[in-house]
Every structure is written in structure tokens, then in C-alpha cells.
Amino acid sequence: MHNLESKIEAILFFKSEPVSLKKLGEVLKVSPGEVLSAISNLKTSLENRGIVLIENNNEFALGTSPDLSSFIEELQKEELNRDLSKASLETLSIILYKNGVSRSEIDYIRGVNSSFTLRALSIRGLIEKTIDPKDSRRYIYKPSFELLSYMGVKSVEELPDYFEVNASVEVAAKGLEDLSAVESGENSNVDSSTK
Amino acid sequence: MHNLESKIEAILFFKSEPVSLKKLGEVLKVSPGEVLSAISNLKTSLENRGIVLIENNNEFALGTSPDLSSFIEELQKEELNRDLSKASLETLSIILYKNGVSRSEIDYIRGVNSSFTLRALSIRGLIEKTIDPKDSRRYIYKPSFELLSYMGVKSVEELPDYFEVNASVEVAAKGLEDLSAVESGENSNVDSSTK
Amino acid sequence: MESDIYQIKVAGFEGPFNLLLNLIEKRKLFINDVSLSQVTEEYLAYMQKLGGLKPSEVSSFVLVAATLLLIKSKSLLPTLDLTLEEEGDIKNLEERLRLFETFSKLAENIKKDFGRNIIFAPLERKSDVVVFLPDSQISKESMMTFARNLLDSMPKKVFLPEVEVKKVISIEEMIDRLGERIQNALKMSFKEFSGGKAVTKEERINTIVGFLAMLEMVRNGIIDAIQEENSEDIIIEKTISTNRESNA
């Protein structure tokens with residue numbers, strides 16, 4: 001009898017692209033909680049194997065183990081682009097460690113307008129933008145599976161000092177609320193272009 | 001430490017197609033006997049899992065467990081019959097109006113990475129890809145004949161306002177060259193500051 | 001486009017925080033009002049070379065310069081009273097700079113780790129059965145509309161919104177006022193200079209006069225930036241609400 005864990009493994013293998021928690025629950029006709037517990041078992045089963053489970057914003061996918069990176073790269077014909085500009089690196093570090101951040105927050109931290117860099121990173125598939133659930137007029141930028149793959153981490157939590165940094169920048173982000181100047185600057189941008 | 005077994009698992013997973021015993025031996029730099037014994041271990045590890053090892057004429061591949069085949073078939077059927085997403089329709093419109101377009105051009109025009117979308121369109125037979133004669137590492141995408149006849153046109157030129165929209169798409173795609181120029185400009189900037 | 005690329009290379013810094021942090025780190029200092037005051041002159045001297053950058057970029061450098069001027073003025077003339085708002089600006093700059101420092105360090109790690117150990121997704125399956133499965137949403141008209149909407153939603157170059165210009169103008173006023181205040185304070189607290197310790201009275205006055213000259217140069221730089229506003233534009237993303245309209 002095949003259990004939930006092996007069914008999830010089969011789905012992820014078959015789809016070979018990220019599948020959401022919601023979708024897995026629908027297909028398997030079980031609750032999100034049941035999916036998550038099966039996923040956690042699957043992670044354990046995949047330890048020390050050639051395949052790993054990557055997790056990003058409640059989506060899941062399979063990939064080859066990061067330890068075998070150089071080995072698999074030899075089998076790959078496509079050229080890998082490892083170049084990142086300073087602007088891109090700064091922007092990626094903010095998006096990775098804040099795991100969900102608006103453009104105005106990125107601009108605030110970097111002290112410059114980041115729209116050009118964000119578009120370039122999005123075209124490269126390293127970041128994803130979604131509409132902010134708290135404010136439908138703006139976007140939230142998040143790391144993509146591709147970015148986690150290039151960083152060789154199975155989830156953002158595996159990034160060095162993730163929890164420590166994430167907590168400290170949460171506090172700092174509070175200071176952002178005081179800075180209405182930058183925010184209103186961006187909003188008026190938006191207004192003027194919709195007119 | 002990763003053993004032969006997990007390396008074979010990673011290779012088969014990555015390649016997504018049957019790999020011969022001979023090829024595995026070459027890539028892993030071990031004898032056919034060693035490959036076979038690792039394969040036998042892998043088979044055991046994969047028992048009761050969602051993924052199985054398929055063997056045919058000394059060729060090996062990973063596949064979903066046969067016990068789950070009806071489940072996977074259902075999943076596929078449901079997938080194929082689903083309405084195309086906005087992303088798919090957008091991508092398709094660019095492929096129709098720029099007859100012969102690369103993935104990076106599509107990504108640039110859409111502002112997001114299109115690899116999963118292109119695969120979905122390919123599986124449904126709506127587009128065809130051929131190797132770019134100018135660069136053998138990349139593909140050129142075109143609408144399929146079936147798609148054109150479904151739309152009731154003999155060639156893309158018969159699409160509404162083809163020449164006008166085509167010209168705009170061509171102009172838009174040109175921006176990609178500027179983008180790469182800036183990116184490499186930024187890179188040289190990073191170089192000079194790290195020196 | 002080409003001239004912009006050239007200018008960015010000459011400038012060598014991605015924005016004011018990058019420059020400021022670099023100046024502080026070069027001196028092996030920590031981020032505080034003392035170190036910021038020490039690097040102010042170098043920062044302002046650097047700003048003189050900024051001509052040719054996009055006004056939007058210049059204005060981000062100018063905004064930081066305004067706060068640095070406050071810090072420097074206070075260090076030159078301890079008797080100068082800062083308003084609560086000005087004190088707040090200084091504190092805010094220090095905090096933002098520390099935040100930027102955190103992410104700059106993380107960015108260096110990312111540079112090291114990016115692409116070192118990659119988790120590869122499987123290659124595309126060749127065996128995937130291709131069946132022709134169209135969709136009723138595909139028609140000649142819908143495809144044309146999708147293509148047109150997509151082209152429309154690409155980022156356009158738009159004129160810099162007026163607010164940005166106003167912000168820059170108010171900084172120019174602020175610098176004028178600051179200049180006056182320093183000159184007045186200089187007259188009023190003259191006895192402060194007679195008690196000079198390591199530095200002589202003349203040297204201190206020279207420092208302040210030099211600083212005022214620098215203020216004047218920055219002011220001129222801002223005027224240049226404002227004059228450029230009309231000829232330059234910036235890239236702006238299409239807003240969400242219009243994207244949605246195209247969805248419908």
C-alpha cells in the first residue's frame with residue numbers, strides 16, 4: 001500500500017516543477033496538515049540520497065543533492081550564469097533574508113531606486129513578485145526556487161545566520177514606518193503614472 | 001559522503017531519460033560491475049517509494065511507481081485539460097507575433113522567467129522548439145502547425161495586425177541587448193571596486 | 001543608455017550608502033556621528049563628480065548629504081542648536097547605514113556561495129507525449145490583445161514626478177539656511193575659538209570657511225541636478241491596478 005509520502009514523491013517527480021501545498025492537498029484529498037507531516041517524513045527519507053526536497057513559500061520540488069553539484073554540472077550542456085552585479089547582490093541579500101519584501105523597503109535599505117535591478121532579477125528567474133496581501137497596490141518580492149537552487153539551500157532557513165538576521169531586520173523594519181517620506185514618494189509615483 | 005548509489009540516483013533524476021550501463025560507468029569512472037551492484041542497492045532503497053528504477057536492455061531510468069500509475073495518469077489528464085493560464089496565453093501571443101523567438105527574449109518582454117510556461121505549451125503541442133542556428137546552446141520557439149490551423153490561419157502573417165504588432169515586438173525585444181549591456185557594465189564596475 | 005553606463009562606472013558606487021560605508025570602512029571606523037562627521041568632506045567632494053548621473057540618483061546622494069552637513073556643522077560648532085527633526089534625521093541615517101552594512105556583508109557571502117553547490121532541477125523530458133490540446137481561450141483576436149497588452153505593460157520611461165523635484169529644492173533651501181546659521185553662529189560664539197587647544201584659532205576658522213565653500217559647491221551641484229530634471233527621465237514599473245485591468 002502506498003502511503004502519502006510516496007504519493008507526494010511521485011507527484012513531485014512527475015511534475016518536475018514546484019507544486020504548492022494547496023495543490024498537493026487537493027490532488028491527494030487530504031488536509032494541509034497531513035501533507036506537511038508526510039513532507040517532513042519524505043525529507044527524512046531523502047537524507048543522504050542523490051535527490052533532495054526543496055521548500056519555498058509553501059511550494060515543494062525535487063532536485064539533485066547540492067553535494068553532487070560539480071558532478072551534475074559536467075552533465076549539463078546549458079551555460080550557467082554566475083555573474084551578479086553589486087546592485088543585484090545587495091538586492092538578493094535583502095530578498096533572501098527578509099523572505100518577502102516590498103520595493104519601498106528595498107529602496108529604503110539600499111538608499112537607491114531598485115526597480116531596474118528588480119526587473120533584471122525577475123527576468124533571470126531569481127526572484128518572484130506577488131501582490132501584497134496587505135496592500136493590493138504593491139508587490140512583494142520573494143526568492144524563487146531557482147535562487148535557492150543556486151545558493152544550494154533546500155529552504156531559506158538553511159542560509160547562514162538566517163534566523164538571527166531575519167529577526168534583527170524585522171526590528172529594523174519598524175523604523176521604516178517612521179520614514180513616510182520614501183513611502184509617499186513611491187506612492188505618488190504610482191498615482192501619477194496611472195492618471 | 002555521497003556513494004555510488006546516490007550519484008546514480010542523481011544522474012538518472014537529472015537526465016530524465018534512460019541512461020546506458022556503459023554511459024554510467026564512463027561518467028562515474030567505475031567498472032560496469034560496480035555500477036550494477038550500486039544499481040541493485042538503489043533498487044532496494046527505492047522499494048515502497050514513489051519513485052522506481054526502470055531497467056530495460058542495460059539502460060536505466062527513474063519513473064513513478066507502477067502502483068501509482070492510475071493516480072499519475074489522472075493527474076496528467078486533469079493537468080492537460082485545465083484552462084491555459086494567463087502566463088501561458090501571454091507567452092503564446094509573443095511566440096505567434098514574433099515568429100521564432102528565444103526564451104530570453106520572451107522573459108525580457110514579460111519581465112519574468114518563462115521556462116515552466118514554455119514547457120507546458122510544448123507538452124500541449126501548441127509550440128515547437130528548434131535549436132537556434134546562431135547559438136547551439138539555446139532554442140528558438142515557433143507556433144506549431146496544429147495551432148495555426150486551429151486558429152484558422154495558414155501562416156502567422158494572416159494574424160490580425162501582424163506586421164504592426166510584429167514590429168513592436170521586435171523593437172521591444174531589442175531592449176534585451178541594452179539590458180545585457182548594462183548588466184555587464186555593472187559587472188565591470190564590481191570588478192573595479194574589488195581590486 | 002551608453003553614457004549612463006559610462007557614468008556609473010566612473011562613479012563606482014551604487015548609491016550614497018555604498019559610498020558612505022566605503023569611506024567609513026576605509027578609516028576602520030564604526031558608524032556613529034563622529035565617524036560620519038569625519039567623512040563628510042570626502043563625501044561632498046565626491047558629490048562634485050556626480051554631474052551626469054540621473055537626477056533621481058543625484059537626489060538620493062543629495063538627501064544623505066543634507067544630513068551629513070548637519071552632523072558636520074554640529075561638530076564644527078557645538079553651540080549650534082539642532083531641531084528635534086534634525087536630530088531625528090541624524091539618528092535615522094545612522095540606523096539606515098547600519099542596516100545597509102548588515103546586508104552588504106550578507107551580499108558578500110552570497111557572492112561567494114552563489115552557484116557553488118547548485119541543486120539541479122531535472123532536464124526536460126524528451127519522452128513527454130505531445131498531444132495537440134488547444135484551449136477555447138486561443139483565438140486570433142485574443143492573441144492580438146494579449147500581445148498588445150503585454151507590450152503596453154512593459155516599463156515605460158516617464159518623467160520624474162514633481163515631488164522628487166520639490167524634495168530637492170527644499171534641500172537647497174535647507175543648505176542655504178544652514179549656511180546662514182553657521183555664519184551667524186560663527187559671529188556669535190567667537191570667544192569659543194580663543195580657547196583652541198590642539199588647533200589654532202586660524203586653523204579652525206579656515207576649516208569652517210572651507211566647509212562653507214564646500215556647502216556652496218554642493219548647492220550649485222543641486223541646482224545642476226534640478227536643471228537636468230526636464231531633460232531626463234526614469235524607468236518606472238507599470239502599476240498593479242492597470243495590470244489588473246488588462247487581466248479582465
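Chain A is the first sequence line, chain B the second, and so forth, proteins listed ahead of strands; every chain is numbered from 1.
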If I measure from the heavy atoms of chain C, does B:E146 come under 4.5 Å with its side chain, its backbone, both, or neither?
both
Ranked by heavy-atom pairs below 4.5 Å to chain C, first place among B:G125, B:A10, B:P160 goes to B:P160
Below 4.0 angstrom, N of the basic side chain to O of the carboxylate: do B:E170 and B:K98 qualify?
yes
Engaged part of B:Y97 at the chain C interface, taking heavy atoms whose separation is under 4.5 Å
side chain
Kindly determine whether B:E59 and B:N57 satisfy side chain to side chain donor-acceptor pair (under 3.5 Å), including the steps that lead there.
CA-CA 5 Å; B:E59 286 200 313; B:N57 282 329; over 6 Å; no
Bottom line for B:V169: the part with an atom under 4.5 Å from chain C's heavy atoms is both
Quick one: what part of B:Y150 sits under 4.5 Å from any heavy atom of chain C, side chain, backbone, both or neither?
side chain
Under 4.0 Å between a Lys/Arg side-chain N and an Asp/Glu carboxylate O for C:K105 and C:E101?
yes
Mind checking whether C:Y43 and C:F61 have parallel, tilted or perpendicular rings, split at 30° and 60°?
tilted
Return the option, out of B:R110, B:K15, B:E164, with the maximum number of heavy-atom pairs under 4.5 Å with chain C.
B:E164
Are B:E79 and B:R82 ion-paired here, with the side-chain N under 4.0 Å from a carboxylate O?
yes
Modelled atom types, side-chain donor and acceptor of C:S139 and C:E141, under 3.5 Å
no
Side chain / backbone / both / neither for B:L96 at chain C, heavy atoms under 4.5 Å:
side chain
So which part of B:S88 gets closer than 4.5 Å to some heavy atom of chain C, the side chain, the backbone, both or neither?
neither
